[in-house]
Amino acid sequence: QVQLVESGGGSAQSGGSLRLSCAVSGVTYSSYCLGWFRQAPGQEREGVAALGSDGTLGYADFVKGRFTISQDRDKNTIYLQMNSLKPEDTAMYYCAAAPWCTVLAPMIPPQYEYKYWGQGTQVTVSS
């Protein structure tokens, strides 16, 4: 059973940094994608970054150069390093896993491919 548990959310000032973590368990597929998504109040959920099992990365245009997705395979954890935060980055951030998925850089695989989701962690950026 696939489980995803996010942590690391919180509050930051504009221009500050936060690092989100997602502990991943139960992913046994030979190819998969892991991704970060976010949803602000009253907004649709949107993709932020993705990492394929082959190491390929994808990013949304609005975070390129500011956010970095990475993976520690020994710890079965993925991270989202968020720098130069802006108030518009305020949202609930979700980690998700998609089996039998390929990241075609620089794009993020569509949400419907992600079958497993974490509970989310709140990020609030103040100006």
Query raised in the report: Could you go step by step and tell me if Y93 and R38 meet the side-chain hydrogen bond (donor to acceptor under 3.5 Å, both in side chains) rule?
Result: CA-CA 4 Å; Y93 283 72; R38 71 184 188 185; 3.0 Å; yes

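- One finds the CD1 atom of I108 at 12.0 Å from the CD atom of E113 (value rounded to the nearest 0.5 Å).
- Side-chain contact between P106 and Y59 is absent, with no heavy-atom pair separated by less than 4.5 Å.
- Contact check for Q111 versus F37: side-chain heavy atoms found under the 4.5 Å cut-off.
- At a threshold of 4.5 Å between non-hydrogen side-chain atoms, the residues I69 and F67 do not count as touching.
- Among all heavy-atom pairs drawn from V2 and A97, the shortest one is CG1-CB, 4.4 Å.
- Annotation for L104: hydrophobic cluster partners, listed by chain and number, are M107 (ILVMFWY side-chain heavy atoms under 4.5 Å, direct or chained).
- Enclosure of atom NZ in K75 is not indicated, since only 12 or fewer non-hydrogen atoms of other residues, nucleotides or ligands lie within 6.0 angstrom.
- What you find for D89 and V125 is that their closest heavy atoms are CB-CG2, 4.3 Å.
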Requested in this report: Evaluate the side-chain contact (heavy atoms from CB on, under 4.5 Å) criterion for residues M82 and V48: first the C-alpha distance (whole Å), next the side-chain angles of each, then the deciding distance (0.1 Å), finally the verdict.
Outcome: CA-CA 11 Å; M82 305 186 294; V48 176; over 6 Å; no

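- The CH2 atom of W117 sits 9.0 Å away from atom OH of Y94, with the distance rounded to the nearest 0.5 Å.
- Judged as a disulfide (SG to SG under 2.5 Å), the pairs with a partner in residues 50-127 (not counting sequence neighbours) are, in order, C22-C95, C33-C101.
- With rounding to the nearest 0.5 angstrom, the CZ atom of R19 is 7.0 Å from the CD atom of Q81.
- Using a 4.5 Å heavy-atom cutoff, the side chains of S30 and W100 are in contact.
- I78 and M92 end up in different hydrophobic clusters when Ile, Leu, Val, Met, Phe, Trp and Tyr side chains are linked at under 4.5 Å.
- Here the closest heavy-atom approach between residue G35 and residue Y114 is recorded as N-CE2, 3.8 Å.
- Note that CG of L51 is 11.5 Å distant from OG1 of T68, once rounded to the nearest 0.5 Å.
- Contact detail for L18 and L85: the closest heavy-atom pair is N-CD1, 3.8 Å.
- V24 is not listed as a side-chain neighbour of Q71, based on a closest heavy-atom distance of 4.5 Å or more.
- Between the side chain of E6 and the backbone N or O of S21 there is no donor-acceptor pair closer than 3.5 Å.
- Note that the OG1 atom of T102 and the OH atom of Y32 stand 12.0 Å from one another [nearest 0.5 Å].
- When every heavy atom of S127 is checked against every heavy atom of S14, the shortest pair comes out as CA-CB, 4.0 Å.
- When all heavy atoms are compared, the tightest approach of L57 to A105 is O-CB, 3.1 Å.
- In this structure, D54 and S31 have side chains that are not in contact, with every pair of non-hydrogen atoms separated by 4.5 Å or more.
- Considering OG1 of T77 and CG of L4, their distance stands at 10.5 Å, rounded to 0.5 Å.
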